[in-house]
Amino acid sequence: MPRPLIELLCALLVSGLCIAGFFEAIRYAGPSGYLPKTVMALGFLLALIWAFQSALQWRKEGSASSQKGTDLPRLSVFIGLSIAYIVLIPFLGYFTATLLFIPAVTLLLGYRKTPVLFGAPVIFVVLLYLLFGLVLQVQLPDELLFQLVGTN
Amino acid sequence: MDIFNNILTALPLIFSVNVIIAMVIGTTVGIMVGALPGLSATMGIAVLIPLTFTMEPLVALGMVAGIYNGAMYGGSIPAILLRIPGTPAGIATVFDGYPMAQKGQAPLALKISLVSSAIGSAVSAIALLALAPPLAAIALKFSPADYFWLALFGMTAIAVLLSSNPVKGLLSTCLGLVVGIVGIDAMTGAERFSFGNIELLSGINIIVLLTGLFAIPPAIDLAINSMTSQKGAKLDKVQEKVRWRSFIPVWIKSSILGVVVGIIPALGGNIAAVLAWNEQRRSDPDNDRYGKGEPKGVAAPECANNADTAATLIPALTLGIPGSAVAAVILGALLVHGLRPGPQLFRDDPEIVFGFMLSMLVTAILMFVIGRLGARAFVHVLKAPPALLAPMIISLAVVGIYSIHNSMFEVWLMLGFGLLGFGMERLGIPTAPAVLAVILGPMAEESLRRALLISGGSFDYLVQSWISWIIITMIAVTVLVPIWKRFKKQRTSRGSNGPSPQ
């Protein structure tokens with residue numbers, strides 16, 4: 001998709017959000033509403049200028065200026081696994097989920113050196129456990145790994 | 001004399017074991033972060049801040065100072081060995097650093113870079129110690145109206161100067177202002193943009209935004225570009241001798257330039273480095289050697305980009321106006337520890353603020369020692385696979401954010417901001433104005449309301465002091481000059497594209 005078209009669509013989306021935000025800000029009485037209303041009005045105006053600039057650019061360049069190729073499969077894998085990781089933390093525990101997440105991402109991104117692939121995440125998790133579990137004593141979700149080995 | 005008394009009070013505090021360990025760790029991590037292309041001091045500090053949440057303020061700030069100074073030097077390692085600047089500020093180091101490495105002078109180039117960086121950082125820290133306290137004393141006399149304009153100046157300057165398109169910079173500022181509004185209004189008790197969500201009532205923690213915007217996009221970039229191989233010059237060649245005395249004028253000139261650039265909002269280390277390299281080449285009678293492996297072409301940018309570091313903190317600490325993304329992140333670190341940047345900080349917590357400024361000086365020295373001792377180890381950092389680093393950054397960011405309030409909601413929010421930041425970068429929208437607006441927006445709103453309370457609702461009060469008028473003029477110049485330049489450029493290009501005579 002041409003870059004100016006992407007920008008035009010984003011600008012229109014932002015202007016829509018600003019309108020919605022402005023109507024929400026109208027509900028705030030007195031001085032509480034000054035800044036929200038001003039920001040939303042300014043945001044709407046700026047988004048319109050951005051949309052106008054993008055439309056002009058699109059007209060000028062047409063489909064010649066396509067967006068620089070982002071590696072979509074890699075992007076999707078990384079973001080998808082990151083979301084899955086955060087979903088799993090409350091169920092598996094932080095360290096267990098991390099121990100699965102790092103090798104999975106690294107492997108799917110194409111890295112193949114087995115000792116590093118599995119050794120580095122273990123060392124990393126041990127260091128994190130020492131720092132957060134023992135030194136800083138941060139309360140993290142219950143660990144499935146610790147339950148399995150009977151230490152939790 | 002107050003400055004000396006405060007320095008003497010802060011000295012024993014920063015030489016406590018905990019602070020020294022924090023500075024050593026921070027400097028080492030900073031050099032490694034800087035050495036990794038794609039990662040910057042801003043990202044390093046953004047990931048680190050949540051981890052320092054439980055630490056004493058000075059321990060945390062010592063670590064932050066180490067990362068900041070270390071990353072500036074670290075950026076020169078891949079610039080010299082791989083021709084890839086590790087941080088944006090390392091860009092000018094490539095010009096002569098890489099040709100030196102090609103000629104087998106990589107160890108010499110790294111040594112010059114280290115010495116120059118340490119000198120630049122030390123000069124910058126001394127400038128911070130000398131200039132910040134008097135400026136803070138002046139700032140204490142500012143009225144709420146002056147503060148309102150100052151906050152507005154900070155936001156517009158960054159938004160307009162940091163982006164090639166001021167509209168996008170200002171849109172980023174609007175995003176930050178909205179994020180800053182979320183939660184209960186402290187003055188009226190009204191709920192704003194929280195949409196009935198209990199977790200949003202206390203507002204969005206600035207660290208969540210900082211970590212999202214500055215740590216997640218580099219991690220995504222690393223993941224996308226993780227198959228890029230990094231092969232460069234080796235360190236095995238015999239080292240040549242160098243006449244260090246001939247570098248003294250270069251260091252003096254570049255340090256001054258770096259400090260001046262650092263104080264001016266929105267410029268930053270990359271501009272300081274390029275200006276210093278250019279100035280060095282211009283002033284040298286043998287300027288043909290630059291760009292082909294001239295040692296002074298490495299010394300000038302490295303000294304200047306490190307001289308920018310502490311200088312950037314002068315307006316940030318004294319006025320609460322961060323002039324760059326990294327200064328905004330450091331202000332975030334202060335806020336996390338309950339310290340409100342601005343002139344009051346110098347009055348209320350002098351031992352902390354002077355301790356932090358001194359730690360910028362101490363970490364400059366530490367950077368030299370650690371850089372010398374670990375030179376070979378830091379070069380090996382370049383071999384770290386990006387495919388492994390990317391998920392590790394995510395894991396660190398997740399645990400750091402979770403540990404603040406034990407809230408998975410904030411982790412999701414951070415990821416949301418991260419994806420938003422990645423999208424913004426792709427669309428050419430700078431993320432730094434958003435962060436600055438989160439800090440400065442509430443300051444502007446509070447100052448405006450106070451000004452209106454004092455004046456009984458009259459807006460005339462906003463333009464009554466000469467300080468206000470100076471700041472208003474600065475805002476006008478900041479906004480109008482880029483518009484004028486753009487207009488002039490368009491006219492010139494139209495003129496050159498006009499019909500040529502047959």
Side-chain angles (χ1 to χ4, degrees), chain A residues 3 6-7 10 14 18 21 24-25 28-36 39-40 42-43 46-47 49-50 53 67-68 70-71 74-75 77-79 81-83 85-86 89-90 94 98 101-102 104-107 109-111 113 116-117 120-121 124-125 128 131-132 136-141, chain B residues 51 53-55 165 167-168 170-171 173-175 177-178 180-181 185 187-193 195 216 219-220 223-227 384-388 390-392 394-396 398-400 402-403 406 408 411-412 415 418-419 422-423 426-429 437 441-442 444-445 448-449 452:
Chain A
R3 163 84 183 248
I6 297 173
E7 291 205 19
C10 290
V14 172
C18 287
E24 169 69 19
Y28 310 145
S32 289
Y34 294 164
L35 186 64
V39 172
M40 288 302 165
L42 180 68
L46 290 167
I49 300 172
W50 184 25
Q53 287 175 339
Q67 171 79 309
K68 255 190 212 169
T70 303
D71 193 335
R74 299 172 83 79
L75 179 69
V77 162
F78 188 67
I79 293 174
L81 283 179
S82 299
I83 292 171
Y85 170 57
I86 298 175
I89 287 173
Y94 172 73
T98 305
F101 170 65
I102 296 176
V105 172
T106 312
L107 193 67
L109 290 178
Y111 190 78
K113 284 183 186 166
V116 180
L117 191 62
F124 181 69
V125 166
L128 284 181
L131 179 66
F132 287 96
L136 300 176
Q137 297 193 325
V138 173
Q139 194 70 40
L140 292 164
Chain B
L51 314 186
F53 196 60
T54 51
M55 296 177 189
N165 182 353
V167 173
K168 290 182 178 178
L170 289 168
L171 267 172
T173 303
C174 286
L175 168 73
L177 287 170
V178 173
I181 290 169
D185 180 354
M187 284 180 105
T188 63
E191 285 178 27
R192 300 190 293 182
F193 295 129
F195 307 105
I216 306 297
I220 298 175
I224 294 173
N225 305 313
S226 58
M227 295 313 283
L388 192 64
M392 282 179 173
I394 299 284
S395 297
L396 270 175
V398 165
V399 72
Y402 182 83
S403 62
N406 288 3
M408 280 311 287
V411 173
W412 282 111
L415 185 70
L419 297 178
F422 178 73
R426 291 284 147 148
L427 292 168
I429 302 173
E445 188 181 27
L448 177 66
R449 285 187 187 174
L452 292 177

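Here is how names work: the chains are called A, B, and so on, in the same order as the sequence lines, proteins then strands, and each is numbered from 1.
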**Item:** Which atoms of A/L81 approach chain B - backbone, side chain, both or neither, heavy atom under 4.5 Å
**Value:** neither

**Item:** Per-residue contact mode, B/L388 against chain A (heavy atom under 4.5 angstrom)
**Value:** both

**Message:** So for B/A390, is it side chain, backbone, both, or neither that comes closer than 4.5 Å to the heavy atoms of chain A?
**Reply:** both

**Fill in**
Honestly, the part of B/F422 sitting under 4.5 Å from a heavy atom of chain A is side chain

**Asked** In terms of ring plane angle, is the pair A/F101 and A/Y85 parallel, tilted or perpendicular, where the classes change at 30° and 60°?
**Response** parallel

**Request:** Please state whether the side chain, the backbone, both or neither of B/I429 comes within less than 4.5 Å of a heavy atom of chain A.
**Result:** side chain

**Message:** At a 4.5 Å cut-off on heavy atoms, which part of B/L396 comes close to chain A: side chain, backbone, both, or neither?
**Reply:** both

**Asked** Does any heavy atom of chain B fall under 4.5 Å from the side chain of A/L46, the backbone, both, or neither of them?
**Response** both

**Item:** Among the listed options A/I83, A/L117, A/T98, the residue most often paired with chain B at heavy-atom distances under 4.5 Å
**Value:** A/I83

**Part of A/V14 lying under 4.5 Å from any heavy atom of chain B** = side chain

**Message:** Can you tell me which portion of B/L170 sits under 4.5 Å from chain A's heavy atoms? Options are side chain, backbone, both or neither.
**Reply:** both

**Item:** Side chain / backbone / both / neither for A/C10 at chain B, heavy atoms under 4.5 Å
**Value:** side chain

**Prompt:** When heavy-atom pairs shorter than 4.5 Å are enumerated against chain B, which of A/A29, A/C18, A/S32 gives the highest number?
**Reply:** A/S32

**Prompt:** Looking at B/S403 and B/G400, what are the two nearest heavy atoms and their distance?
**Reply:** OG-O, 2.7 Å

**Message:** Using heavy-atom distances under 4.5 Å, tell me whether B/R192 contacts chain A through its side chain, its backbone, both, or neither.
**Reply:** both

**Request:** Search all heavy atoms of B/T173 against all heavy atoms of B/A437 and return the closest pair with its distance.
**Result:** O-CB, 3.2 Å

**Item:** Atom pair CZ/CE of A/F124 and B/M392 - distance to nearest 0.5 Å
**Value:** 5.5 Å

